[in-house]
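Accompanying notes for the structure given below.
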There are 2 protein chains.
Amino acid sequence: MSAVPADAVFRALADPTRRRVLERLGRGPATVSDLAKPFEMALPSFLQHLRMLETAGLVSSTKVGRVRIYRLVPERLKLAEDWHARQRRLWETRLDQLDDLLKTLKESES
Amino acid sequence: MSAVPADAVFRALADPTRRRVLERLGRGPATVSDLAKPFEMALPSFLQHLRMLETAGLVSSTKVGRVRIYRLVPERLKLAEDWHARQRRLWETRLDQLDDLLKTLKESES
DNA sequence: GGAATAGTTAGTCATTGACCTAACTATTCC
DNA sequence: GGAATAGTTAGGTCAATGACTAACTATTCC
């Protein structure tokens, strides 16, 4: 299977730590140590999560002096949201079809 | 980290094969071999994906004779959708706050 | 009852993910 | 310039994932 860009996004979302980081970044940019503070994890482990988020394109970072600042890239989250939207549309279409079927059956009863 | 139920859902979504299965099931229930047909994969490998989807609660199955039928459990997908919605709300709140800030700055200029 | 069909179980293997410690580099601040 | 701070790299462990083949069970159909 060819690895579409969406894959990296979904895989990035699959970890609770990373989702919490995204939630935090939803409230505005933050430095590595800011982001790391709420987690018990050793820094290098945490950095791996940040790297994964960044390669998925969900966050971006810039280094200012010895500090690195991360910010959300919300457009990227849309990839996943869009999938859900498509999926829901599909599902709802199907319910409509069932509806139609039931209606037809009811009508042919009389 | 305690494994919340949402975790299993997100992890299940992290694989393209499984997402395609969900898309297929969005168009209605199907048997194991129906579902497996579009994939090059050996059956046992494919079954593992189905099992993962089922333990995540995203699909359910019943066996009828020697055939097993899978169907979508759309309520479960909502867990992930809700996360996105919450995330978007957060993000938009933040944009509003930035807006307010900019407005305030502009006003104090005059 | 025997062959074909549908799914299942068992066992192997390589890769990736999630964590760790130890040691290092680069910047800032006194 | 030396100490403190912020992040980075290297290297290692362990469990889970994604795939395979081979062999098995349960059902249906002739």
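Each chain gets a letter, A, B and so on, in the order the sequences are listed, and its residues count up from 1.
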Per-nucleotide protein contact string for nucleotides 20-30 of chain C, where B marks a base within reach and S marks sugar-phosphate only (heavy atoms under 4.0 Å, - for neither): BBB----BS--

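When the nearest nucleotides of DNA chain C are assigned to B:T31 and A:H49 by heavy-atom distance, the more 5′-ward of the two goes with B:T31.
A salt bridge is absent between A:R19 and A:E23: the closest approach of a Lys/Arg side-chain nitrogen to an acidic carboxylate oxygen does not fall below 4.0 angstrom.
Note on residues 66-78 of chain A: pairs passing salt bridge (Lys or Arg N to Asp or Glu O under 4.0 Å), not counting sequence neighbours, are A:K78-A:D82.
When base pairs are accepted only as Watson-Crick or G-U wobble with both N-N or N-O distances under 3.5 Å, DNA chain D takes part in stems of 3 or more pairs at C:1-30 with D:1-30.
Separating the CZ atom of A:F10 from the C1' atom of D:dT17 is a distance of 18 Å, rounded to the nearest angstrom. When rounded to the nearest whole Å, the span between CG of A:L50 and C1' of D:dT9 equals 15 Å. Atom CG of B:L53 and atom P of D:dT17 are 13 Å apart (whole Å). In this entry the distance linking CG of B:D15 with P of D:dA16 reads 18 Å, nearest Å. If you take OH of B:Y70 and C1' of C:dT8, they are 11 Å apart, rounded to a whole angstrom. The interatomic distance linking A:L13 (CG) with C:dG17 (P) rounds to 14 Å, in whole Å. Nucleotide D:dT5 holds its C1' atom 14 Å from the CG atom of A:D34, rounded to whole Å.
Considering only heavy atoms from C-beta on, A:F46 comes within 4.5 Å of A:V21 through its side chain. Using a 4.5 Å cut-off on side-chain heavy atoms (C-beta onward), A:H49 and A:D15 make contact. Side-chain atoms of A:L13 and A:L77, non-hydrogen and from C-beta on, do get closer than 4.5 Å to each other.
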Run the numbers on A:S60 and A:E54 for side chain to side chain donor-acceptor pair (under 3.5 Å), then give the verdict. CA-CA 6 Å; A:S60 73; A:E54 194 158 16; 5.7 Å; no

Applying side-chain contact (heavy atoms from CB on, under 4.5 Å), run through A:L72 and B:W91 and close with a yes or a no. CA-CA 9 Å; A:L72 199 60; B:W91 171 251; 3.8 Å; yes

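At least one side-chain nitrogen or oxygen of A:R18 sits closer than 4.0 Å to the OP1 or OP2 atom of C:dA18. Note on B:R68: every side-chain N or O is 4.0 Å or more away from OP1 and OP2 of C:dA6. Between B:T17 and the phosphate of D:dG18, there is no side-chain N or O to OP1/OP2 separation shorter than 4.0 Å.
The nucleotide whose nearest atom lies closest to any side-chain atom of A:M52 is, among C:dG7, D:dG18, C:dA18, C:dA18.
In this structure, the side chain of B:S45 does not engage the main chain of B:M41 through any donor-acceptor pair within 3.5 Å. With A:R18 contributing its side chain and A:R11 its backbone, the two residues share a donor-acceptor pair below 3.5 Å.
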